[in-house]
Amino acid sequence: MAPRGGKKIIIVKKKVAGHGGHHGGSWKVAYADFVTAMMAFFMVMWILGMDDKTKQAIEGYFANPVGYKKGYGAGSSPLSTGTAPTNVQKTPLRMIVRSTEQRTFEQLKNAILEKVAANDSLKSLKALVDVQVTNDGLRIELVETGAGDVYFPTGSAKMKSPTMLALQLIGTELATLQHPVILEGHTDAAQFGAAGGTYGNWELSADRANAARRVLEGAGLSDGRIVEVRGYAATKPRILDDPLSAANRRISILLPFSVVPDGAADAATMAQYKTDSMRANISKRVAR
């Protein structure tokens, strides 16, 4: 094309340089980690600034979230209570006491079973000592086996040597705690004594439980620890479908779970006392 007006047209072509490569997103990950760490730090500082009751409530939630949420039917949360005193503390305090006692009973159960298993005399006689943590508390049972005369002669409340030995081993472990103790005597459903007589299974079961009380107190249980001695005869069989089974003849030692009172202040005091005393007792047992 001819230039207009006699002027030469000059076309300038500029090459646009391309944009640099992608810088990557690693900085985003690092920033997210930093924000998370800062949030965790401030959460810790916030919790440390709370009062002890609120801390215990939060501990109860993380120890058993399902049970804790059931206790808060209205949707209240310890995280919203701050430092204000409210009745919301009652349920977690009960949970803390129960959780602490549960751990203590499990440790006591293992200690008793280890002692019984290490005793050759009880092992040779095939004496059964059953220890279980139940809904009621720690239950220790001396259960008859075979002909049903390992611990007591048939129809007698006079102890045999395995009974004395087992109760002494158990008593030394129970002496390390401060929980109340309930003793129960049980028989099978076999008729004992003459019909219409004055001594039967009721009297026999109560006498056997009372005999166990004397041995446990001699083994170190302090005065007042044994709060009840019960004789159940054959009304609470261990083998439900065989009321005549020898296993229904037994001595039961029950350490019940503590009942926390309804008052929040009393419950808090009780929970603190239980926690401190149990920790002290556990440390004594481990150190021995």
Side-chain angles (χ1 to χ4, degrees), residues 105-106 108-110 112-117 119 121-171 173-174 179-219 221 225-257:
F105 288 162
E106 288 289 348
L108 184 61
K109 167 187 171 180
N110 294 334
I112 292 173
L113 291 177
E114 286 176 5
K115 277 197 170 184
V116 171
N119 190 281
S121 298
L122 293 176
K123 192 184 303 181
S124 63
L125 292 169
K126 296 182 180 180
L128 175 58
V129 179
D130 184 37
V131 188
Q132 299 293 335
V133 179
T134 68
N135 292 332
D136 298 326
L138 179 68
R139 183 173 291 276
I140 309 163
E141 292 195 323
L142 277 61
V143 184
E144 291 284 10
T145 57
D149 58 355
V150 175
Y151 291 114
F152 291 93
T154 303
S156 173
K158 185 177 180 180
M159 289 185 180
K160 288 189 172 183
S161 57
T163 322
M164 296 279 292
L165 180 57
L167 288 174
Q168 287 171 349
L169 292 177
I170 294 169
E173 291 298 321
L174 297 185
H179 286 73
V181 176
I182 298 173
L183 290 174
E184 301 172 352
H186 303 267
T187 67
D188 58 20
Q191 183 65 39
F192 172 70
T198 59
Y199 195 91
N201 283 332
W202 286 105
E203 291 76 16
L204 179 62
S205 60
D207 286 347
R208 287 178 172 177
N210 208 32
R213 173 190 62 80
R214 290 190 287 268
V215 175
L216 289 175
E217 289 179 341
L221 262 68
R225 285 284 306 280
I226 299 178
V227 295
E228 291 186 53
V229 178
R230 305 169 177 173
Y232 282 111
T235 59
K236 294 182 179 292
R238 181 181 172 92
I239 311 298
L240 297 176
D241 57 354
D242 188 3
L244 296 178
S245 172
N248 292 324
R249 309 176 197 173
R250 64 199 191 278
I251 295 293
S252 293
I253 304 168
L254 174 64
L255 277 69
F257 283 117

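The first residue in the sequence is number 1, and the count goes up from there.
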Evaluate the criterion side chain to side chain contact (heavy atoms under 4.5 Å, CB included) for residue pair Asp207 and Tyr199; output intermediate values, then yes/no. CA-CA 11 Å; Asp207 286 347; Tyr199 195 91; 2.6 Å; yes
Electrostatic pair Arg238:Glu141 at N-O distance under 4.0 angstrom: yes
Scanning both residues in full, the closest heavy-atom pair of Leu244 with Ala190 reads CD2-N, 3.4 Å
Give a yes or no answer on whether the side chain of Arg249 reaches the backbone of Thr187 with a donor-acceptor pair at less than 3.5 Å. no
Side-chain (Asn110) to main-chain (Glu106) donor-acceptor, under 3.5 angstrom: yes
Which atom names give the shortest non-hydrogen contact between Gly148 and Ala246, and what distance separates them? CA-CB, 3.7 Å
For the backbone of Ala233 and the side chain of Ser205, can you confirm whether one donor and one acceptor N or O come within less than 3.5 Å of each other? yes
Contact summary for Val129 and Ile140, nearest pair of heavy atoms: CG1-CG2, 4.2 Å
Which heavy atom in Ile251 sits nearest to a heavy atom in Ala212, and how many Å separate them? CG2-CB, 4.0 Å
Check: His179 ring centre within less than 6.0 Å of Phe257 ring centre: no
Return yes if some donor-acceptor pair links the side-chain N/O of Ser245 with the main-chain N/O of Asp242 below 3.5 Å, else return no. no
Is any side-chain heavy atom of Ser124 less than 4.5 Å from a side-chain heavy atom of Lys126? no
Are the side chains of Ile112 and Leu169 in touch, meaning some heavy atoms are under 4.5 Å apart? no
Does Leu167 form a side chain to side chain contact (heavy atoms under 4.5 Å, CB included) with Leu142? I'd like the steps, not just the answer. CA-CA 9 Å; Leu167 288 174; Leu142 277 61; 4.0 Å; yes
With Glu184, the salt bridge (Lys or Arg N to Asp or Glu O under 4.0 Å) member among Arg230, Arg208, Arg250: Arg230
Close side-chain approach of Leu254 and Arg139, heavy atoms under 4.5 Å: yes
May I ask you to decide if Ala117's main-chain N or O and Lys123's side chain share a donor-acceptor pair within less than 3.5 Å? yes
Heavy-atom distance under 4.5 Å between the side chains of Asn210 and Leu183, does that happen here? no
Would you check if Val133 and Leu108 make a side-chain contact, meaning some heavy-atom pair closer than 4.5 Å? no
For the residue pair Ser121 and Leu165, establish whether any side-chain heavy-atom pair is separated by less than 4.5 Å. yes
Any side-chain hydrogen bond (donor to acceptor under 3.5 Å, both in side chains) involving residues 149-158? Give me the pairs, sequence neighbours left out, ordered by first then second residue. none
If we ignore angles and hydrogens, is there a donor and acceptor under 3.5 Å between the side chains of Asn201 and Glu203? no
Hey, could you give me the CG/CD distance between Leu138 and Glu173, rounded to the nearest 0.5 Å? 11.0 Å
Within the structure provided, determine whether Pro180 and Arg225 are in side-chain contact (heavy-atom separation under 4.5 Å). no
Side-chain (Glu144) to main-chain (Val150) donor-acceptor, under 3.5 angstrom: yes
In the structure I gave you, are the side-chain heavy atoms of Val227 and Ile182 within less than 4.5 Å of one another anywhere? yes
Heavy-atom closest pair, residues Gly171 and Leu221: O-CD1, 3.6 Å
Looking only at heavy atoms, the pair that brings Gln168 and Val215 closest together is CG-CG1, 4.1 Å
Would a distance-only check, ignoring hydrogens and angles, find a side-chain to backbone donor-acceptor pair under 3.5 Å from Asp136 to Pro256? no
